Amino acid sequence: MLALTIFIATLVLVIWQPRGLGIGWSAMAGAVVDLALGVIHWRNIPTVWHIVWNATFTFVALIVISLVLDEAGFFRWAALHVARWGRGRGRLLLPLIVLLGAAIAAVFANDGAALLLTPIMMAVLAGLEFPPAAALAFIIATGFVADTTSLPLVISNLVNIVSANYFQIGFNRYAAVMVPIDLVSLIATLAVLGVMFGRTANRRYDVDALDTPASAIHDAQVFRAAWPVLLVLLAAYFITAPFGVPVSFVTIIGAVVLLALAGRVIGRGAPVIDVRHVLRGAPWQVVVFSLGMYLVVYGLRNAGLTDDVGDALRVFARHGLWAASLGTGILAAVLSSVMNNMPSVLIGALAINHLPNVTPQIHDAMVYANVIGCDLGPKFTPIGSLATLLWLHVLARKGTTITWGQYMRIGLVITPPVLLAALAALALWLPIVGGAGHG
């Protein structure tokens, strides 16, 4: 019980953040206690670092790219275009916002979609004088779609990167499996949000009251460069994957190029974007958090507590592809909702990796179902992901308070159908796409 007690105490500190204590220091404190009490050993540190380093630095680099583009006005420009495409009809604007959020989540990760797009949409809706109930529908949709459509690429969610790195799944193979599943998740998301908020969001607005998209651009040079840089970056992921190049290397190069453009190290004229401000805003604590939290989770594994998850997975595996897909995904979602998705994905991965006598197809189904559950499961509760807690904090600072009760009443209604649709799509698609493709 010692390992479990330390894990729970660490998780409480990470979620609570007393006196503004950084998540990294809370997680590392738990790891130090584990190490001091012999729950983990020095030899576990390089093992865990090997699991988290690629994911962590990819995530930080993606957020840096997002922050540079946000400072340049890229996301506000996109939001204003989408608002114009809505033609003054809230019922049309809602699915357009969902599609924009899905596109941003795919390329800039779920955190970028939720934390950057939400304040922009709040400002746009306030300018259009949307009533609070209608504005809340769009805000919930923006936060919800950031996670439910963060499946398609390795870079779309920190959970994806950790799992792909742990199981050595190549960028191309991952995309071949998960892009179609993400499309199903997107369709299900559009459906449930339309049913739940379609009537509330059905408000007319004055398109002429919107700012022009061009007015959102603060750094034209970075804005113009963003398009070719992002296209080259996406192409580079697919081109370098067969050679085993870590996604973090490719992402860091993209971040450095945009930072150099923003700071006018390359390009012309005086800098418009404060590069130091961007770098200060990067989530450096995530580096410390990932290592510390996963060492604490490794303590659970050393104590044999991941065996309980493995026992459940063995039951699912014995009953075939559908049971393995649905069972693993639902279990991962429940674990994520009560203990946060970052430790949950590693607990699932450790358990899956030690399952004996499992066919390659069942193994693959469990690996991808674990990702789906850990990507979508956090929408059940506010503590399911750090991004959700930060998102709620951003809303509160902007004057919109969503209580934990409100969040759960919505999340427990709209998440299950999307989760089940995505897991069913996995069970149907995996035999078609074939192969236990790793590397």
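Note that the coordinates shown come from a computational prediction; the quantities given were computed from them, not determined experimentally. The residues of the chain are indexed from 1 along the displayed sequence.
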Could you work out, with ring-ring contact (aromatic ring centres under 6.0 Å, His included) as the rule, every residue matching Phe75, not counting sequence neighbours? Phe108

Rounded to the nearest 0.5 Å, what separates atom CG in Leu67 from atom CG in Leu279? 9.0 Å

Begin with the C-alpha distance, continue with both residues' side-chain angles, and end with the deciding distance and a verdict on side-chain contact (heavy atoms from CB on, under 4.5 Å) for Thr381 and Tyr407. CA-CA 7 Å; Thr381 65; Tyr407 184 93; 5.5 Å; no

On a heavy-atom basis, the closest approach of Ala106 and Pro152 is CB-CG, 3.7 Å

For residues Pro382 and Leu392, determine if any side-chain heavy atom of one lies less than 4.5 Å from a side-chain heavy atom of the other. yes

Does Arg301 pair with Asp307 as a salt bridge, N-O distance under 4.0 Å? no

Nearest 0.5 angstrom please: Ser66 OG to Leu117 CG, how far? 11.5 Å

Euclidean distance, Ile352 CD1 relative to Met366 CE, rounded to 0.5 Å: 6.5 Å

Are the aromatic rings of Phe223 and His218 close, with centres under 6.0 Å apart? no

Quick check against the 3.5 Å criterion: does Asn165 have a side-chain atom that pairs as donor or acceptor with the backbone of His50? yes

State which residues pass salt bridge (Lys or Arg N to Asp or Glu O under 4.0 Å) with Arg318; sequence neighbours excluded, sorted by chain then number. none

For Tyr294 and Val52, which heavy atoms make the closest approach, and how far apart are they? CD2-CG1, 2.9 Å

Main chain of Ile273, side chain of Glu71: is a donor-acceptor contact present, judged purely on distance under 3.5 Å? no

What I'd like to find out is whether the side chain of Pro416 reaches to under 4.5 Å of the side chain of Leu419, using heavy atoms alone. no

Would you say Tyr237 and Leu234 make side-chain contact, with heavy atoms under 4.5 Å? yes

I'd like to know whether CD of Glu129 has more than 12 heavy-atom contacts from other residues, nucleotides or ligands below 6.0 angstrom. no

Under a 4.5 Å cut-off applied to non-hydrogen side-chain atoms, are Ile65 and Leu233 in contact? yes

Restricting to ring-ring contact (aromatic ring centres under 6.0 Å, His included), what partner residues turn up for Phe380, sequence neighbours left out? none

As a quick check of understanding, evaluate side-chain contact (heavy atoms from CB on, under 4.5 Å) for Asp206 and Leu128, giving each step before the final call. CA-CA 7 Å; Asp206 183 7; Leu128 294 173; 5.5 Å; no

Parallel, tilted or perpendicular for Trp49 and Phe57, by the 30°/60° rule? perpendicular

Can you list every salt bridge (charged side-chain N to carboxylate O under 4.0 Å, His left out) pair that touches residues 82-95, not counting sequence neighbours? none

Here the pair of heavy atoms bringing Ala317 nearest to Val358 is CB-CG2, 4.4 Å

Mind jotting down which residue pairs meet the salt bridge (charged side-chain N to carboxylate O under 4.0 Å, His left out) criterion with at least one end in residues 217-230? Sequence neighbours excluded, please. Asp219-Arg264

Please name all residues satisfying side chain to side chain contact (heavy atoms under 4.5 Å, CB included) with Thr118, sequence neighbours left out, ordered by chain then number. Met122, Ile139, Thr142, Trp391, Leu395

Donor-acceptor pair between Asn370 and Thr328 side chains, under 3.5 angstrom: no

Output the distance between atom CD (Gln361) and atom CG (Leu321), rounded to the nearest 0.5 Å. 5.0 Å

Is it true that a side-chain atom of Thr415 and a backbone atom of Leu412 form a donor plus acceptor pair closer than 3.5 Å? no

For the CG atom of Asp111 and the CG atom of Leu116, what is their distance to the nearest 0.5 Å? 9.5 Å

Donor on one side chain, acceptor on other, Tyr368 and Ser325, under 3.5 Å: no

Partners meeting ring-ring contact (aromatic ring centres under 6.0 Å, His included) with Tyr205 (sequence neighbours left out): Phe130

Within the 4.5 Å heavy-atom criterion, are Thr388 and Lys379 side-chain neighbours or not? yes

Main chain of Leu153, side chain of Ser156: is a donor-acceptor contact present, judged purely on distance under 3.5 Å? yes

Which residues share a side chain to side chain contact (heavy atoms under 4.5 Å, CB included) with Ser344, sequence neighbours left out: Leu335, Ser336, Met339, Cys374

Below 4.5 Å, heavy atoms only, C-beta onward: do Val154 and Met178 meet side chain to side chain? no

Between Leu186 and Val98, is a side-chain contact (heavy atoms from CB on, under 4.5 Å) present by the stated rule, with each step listed? CA-CA 8 Å; Leu186 173 59; Val98 170; 3.9 Å; yes

Validation row, ring centre Trp227 to ring centre Phe74 under 6.0 Å: yes

Which atom pair, heavy atoms only, marks the closest approach of Ala351 to Val309? CB-CG1, 3.8 Å

Residues forming a side chain to side chain contact (heavy atoms under 4.5 Å, CB included) with Ala421, sequence neighbours excluded: Val184, Ala188

To the nearest 0.5 angstrom, please state how far the OH atom of Tyr174 sits from the CG atom of Asn160. 3.0 Å

Using a distance-only test with no angle check, is there a side-chain donor-acceptor pair under 3.5 angstrom linking Asn110 and Ser150? no

Parallel, tilted or perpendicular: which one describes the rings of His81 and Trp77, with boundaries at 30° and 60°? perpendicular

Donor-acceptor side-chain pairing of Ser248 and Thr251 below 3.5 angstrom: no

Pair Ile410, Val413 - check side-chain contact (heavy atoms from CB on, under 4.5 Å), show working. CA-CA 5 Å; Ile410 297 170; Val413 170; over 6 Å; no

With a 4.5 Å limit on heavy-atom distance, are the side chains of Leu326 and Phe316 in contact? no

Tell me, which pairs form a side-chain hydrogen bond (donor to acceptor under 3.5 Å, both in side chains) where one or both residues lie in residues 175-195, sequence neighbours left out? Thr148-Thr189

When every non-hydrogen atom of Asp375 is compared with those of Asp147, the smallest separation belongs to O-CB, 3.6 Å

Which residues pass the side chain to side chain contact (heavy atoms under 4.5 Å, CB included) test with Val288, not counting sequence neighbours? Trp25, Met28

Modelled atom types, side-chain donor and acceptor of Asn353 and Tyr166, under 3.5 Å: yes

Please identify each residue that fulfils ring-ring contact (aromatic ring centres under 6.0 Å, His included) with Trp429, with sequence neighbours left out. none

Residue pair Asn54 / Pro246: nearest heavy atoms and the distance that separates them: OD1-CB, 3.4 Å

Closer than 3.5 angstrom, by distance alone: can the side chain of Ser215 be matched with the main-chain N or O of Asp211 as a donor-acceptor pair? no

